[in-house]
Amino acid sequence: QKAQKSNGAWPWFDGMPESRYITQHIVTGMGHLDKLGVKSVRQDAKTWSMLKKAVAYTDVRIKEDYDELKRYVKKEDLPKNHLSNTAIQYLYGRSYFNDIPIPKRSQEAYDYYISQEKKYWLSQSKYMQGMIALALFRKGEKEVPSDIVKSLKEKSTEHDEMGMYWKDNVSGWYWYQAPIEQQALMIEVFDEVANDLISVNDMKIWLLKQKQTQDWKTTKATTEAVYALLMRGTDWLASDKQVEIKIAGKKFDPKKHEDVKVEAGTGYFKTSWSGKEIKPEMGNITVKKSDEGVSWGAMYWQYFEDLDKITPHNTPLKLKKQLFIEKLTERGKITEPISDKAILHIGDKVIVRIELRVDRRMEYIHMKDMRASGFEPINVISRYKWQDGLGYYETTKDASTNFFMEYLPKGTYVFEYPLRVTHEGDFSNGITTIQCMYAPEFTAHSEGVRVDVVKQ
């Protein structure tokens, strides 16, 4: 209320000029609160007055758009596609408050852009198509919103683990290129327009899976996601029924263990066994969920093993580690792979190559590559690097080289760094490990490698 200008608009920050986008975004947010049953939106006199002023401001601005269009576009060209993202956002936000009459001076502009939505929805992005479907549906239109839902459904991807989503849902620099906000809007579309609760719950899974391995980026994305999760669908927090877990054929009930605390609402808990408590048959685990919603968890079995006897372990993160020896020949510099138990000599230059594959976007990843005590790193200065579309910080420690990736897109990446052989002996070169800091269950490691160094 303090930040609102006299004409009903809001700036982004105090002291800045009015922002049409921010104003329409706030109107939409108030619409979300109203739809969720927050009574103060309409019952608090100051809030309702503030909101009506903002809606009036957006009505004035859409009229200005239309007047400018008529000024610069020939009359016969007006029926062509002049639908902007700003106009679509206006009609979507305005649809939450259809009980506030459209001013007569803005009615022609409003009707024009509504007709544009009916005619040119197919040329818009999926995010904009969702807004169009909701705006038209709330106006009483049935055919076009139904066609939009059908089109969106046909272009969606359904996955047992990831739920329902759109593969081309990518982020960009503009407000209308926002994957979390788009997914949240799709939940609203399929809930309100299609009444498709199965799709709604599947789309909620994708939202939560994004939160599992990365953050939701911004407060705007987070509030949109929370709004989508609070919508009708199935209330996953309403049931406090525990997932049935059987370990070695015996049911494990966390409530019967005093040292295990179960989190209210989510049912989250953790426990551990150690030493003689652990039996081989405890590796046989079954999980059964009998109520609605999605659950996930992880079980770890930690033990000691010789590094060179470790075999690869892969999750959605997959690692492959290889060692190469670099030689100078008459043909120039060449690299040859080093096989297990290969013989090296003091002074040889070794190239470590790590191949990383990831099947989904992740954030805040730590990769640690162990190094044999007979090797010394050539690169000792820690620094930020950028290669093949991936930025990461590389730092060298006494026994390992570490890579820190704030953002890891889906794809395949190769890391290389040089070492120098400095001591003779039989060495274990260790393994490479990687872990997502947001979801520790997403971890992987390479196989172990052994090297033999002899005198020249």
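Since this is a predicted model, take the numbers as computed values, not measurements.
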Chemist: Is there a donor-acceptor pair closer than 3.5 Å between any side-chain N or O of Thr223 and the backbone N or O of Thr219?
Modeler: yes
Chemist: With a 4.5 Å heavy-atom cut-off, do Lys368 and Gln435 have their side chains touching?
Modeler: no
Chemist: Taking atom NZ of Lys270 as the centre, report whether more than 12 heavy atoms of other residues, nucleotides or ligands fall under 6.0 Å from it.
Modeler: no
Chemist: Taking the side chain as C-beta and beyond, is there a heavy-atom pair between Ile148 and Val189 under 4.5 Å?
Modeler: no
Chemist: Let me confirm one number: the OG1-CZ distance from Thr86 to Arg61, rounded to the nearest 0.5 Å.
Modeler: 9.0 Å
Chemist: Are side-chain heavy atoms of Val421 and Phe375 found at a separation under 4.5 Å?
Modeler: yes
Chemist: CG of Asp398 to CD of Glu376: how many Å apart, nearest 0.5 Å?
Modeler: 8.5 Å
Chemist: Rounded to the nearest 0.5 Å, how far does CG of Leu356 lie from NZ of Lys321?
Modeler: 14.0 Å
Chemist: Verify, without hydrogens or angle tests, whether Glu394 (side chain) and Lys385 (backbone) share a donor-acceptor contact under 3.5 angstrom.
Modeler: no
Chemist: With distance as the sole criterion, is a donor-acceptor pair present between the side chains of His32 and Tyr96 under 3.5 Å?
Modeler: yes
Chemist: Hey, does Lys279 have a side-chain heavy atom less than 4.5 Å from the side chain of Trp273?
Modeler: no
Chemist: I need the minimum non-hydrogen distance between Ile22 and Pro11, along with the two atoms involved.
Modeler: CG2-O, 3.7 Å
Chemist: Between the side chain of Ser446 and the main-chain N/O of Thr432, is any donor-acceptor distance below 3.5 Å?
Modeler: yes
Chemist: A side-chain contact here means heavy atoms from C-beta on lying under 4.5 Å apart; do Tyr227 and Thr28 qualify?
Modeler: no
Chemist: When you look at CZ of Arg357, are more than 12 heavy atoms from neighbouring residues, nucleotides or ligands closer to it than 6.0 Å?
Modeler: no
Chemist: When you measure from the side chain of Ser123 to the backbone of Tyr120, do you find a donor-acceptor pair of N or O atoms at a distance under 3.5 Å?
Modeler: yes
Chemist: Between Phe252 and His257 (judged by ring centroids, cut-off 6.0 Å), do the two rings come close enough to count as a pair?
Modeler: yes
Chemist: Would you check if Met162 and Gln210 make a side-chain contact, meaning some heavy-atom pair closer than 4.5 Å?
Modeler: yes
Chemist: State whether the number of non-hydrogen atoms from other residues, nucleotides or ligands found under 6.0 Å of Lys318 atom NZ is greater than 12.
Modeler: yes
Chemist: With a cut-off of 6.0 Å (strictly less than), are more than 12 heavy atoms of other residues, nucleotides or ligands near CH2 of Trp12?
Modeler: no
Chemist: Is the side chain of Glu181 donor-acceptor paired with the backbone N or O of Glu224 at a distance under 3.5 Å, no angle test?
Modeler: no
Chemist: Could you go step by step and tell me if Glu117 and Met131 meet the side-chain contact (heavy atoms from CB on, under 4.5 Å) rule?
Modeler: CA-CA 10 Å; Glu117 284 192 335; Met131 288 188 176; 6.0 Å; no
Chemist: Is the number of heavy atoms from other residues, nucleotides or ligands under 6.0 Å of His366 NE2 greater than 12?
Modeler: yes
Chemist: Report the distance from atom OH of Tyr90 to atom OG1 of Thr23, rounding to the nearest 0.5 Å.
Modeler: 13.0 Å
Chemist: Give a yes or no on this: more than 12 heavy atoms of other residues, nucleotides or ligands lie within 6.0 Å of atom CD1 of Ile278.
Modeler: yes
Chemist: Ser84 and Asp65: side-chain donor and acceptor closer than 3.5 Å?
Modeler: no
Chemist: Does Met362 reach the side chain of Tyr364, with side-chain heavy atoms less than 4.5 Å apart?
Modeler: no
Chemist: Does Gln183 reach the main-chain N or O of Met203 with its side chain, forming a donor-acceptor pair under 3.5 Å?
Modeler: yes
Chemist: Calculate, to the nearest 0.5 Å, the distance between atoms CD1 and CD belonging to Ile325 and Glu336 respectively.
Modeler: 7.5 Å
Chemist: Is the Tyr392 ring parallel, tilted or perpendicular to the Phe415 ring (thresholds 30°, 60°)?
Modeler: perpendicular
Chemist: Taking side chain to side chain donor-acceptor pair (under 3.5 Å) as the definition, give me every residue that meets it alongside Lys246, ordered by chain and number, with sequence neighbours left out.
Modeler: none
Chemist: If you draw a 6.0 Å radius around CG in Asp160, do more than 12 non-hydrogen atoms from other residues or ligands fall strictly inside?
Modeler: no
Chemist: What is the distance from atom CG of Leu91 to atom CD1 of Ile62, rounded to the nearest 0.5 Å?
Modeler: 6.0 Å
Chemist: Does a sphere of radius 6.0 Å around CD in Gln387 hold more than 12 heavy atoms from other residues, nucleotides or ligands, not counting ones at 6.0 Å or beyond?
Modeler: yes
Chemist: Have Glu188 and Tyr92 got a donor and an acceptor in their side chains that come within less than 3.5 Å?
Modeler: yes
Chemist: Give me the one residue out of Ile354, Thr433, Leu317, Asn402 that meets side chain to side chain contact (heavy atoms under 4.5 Å, CB included) with Met367.
Modeler: Ile354
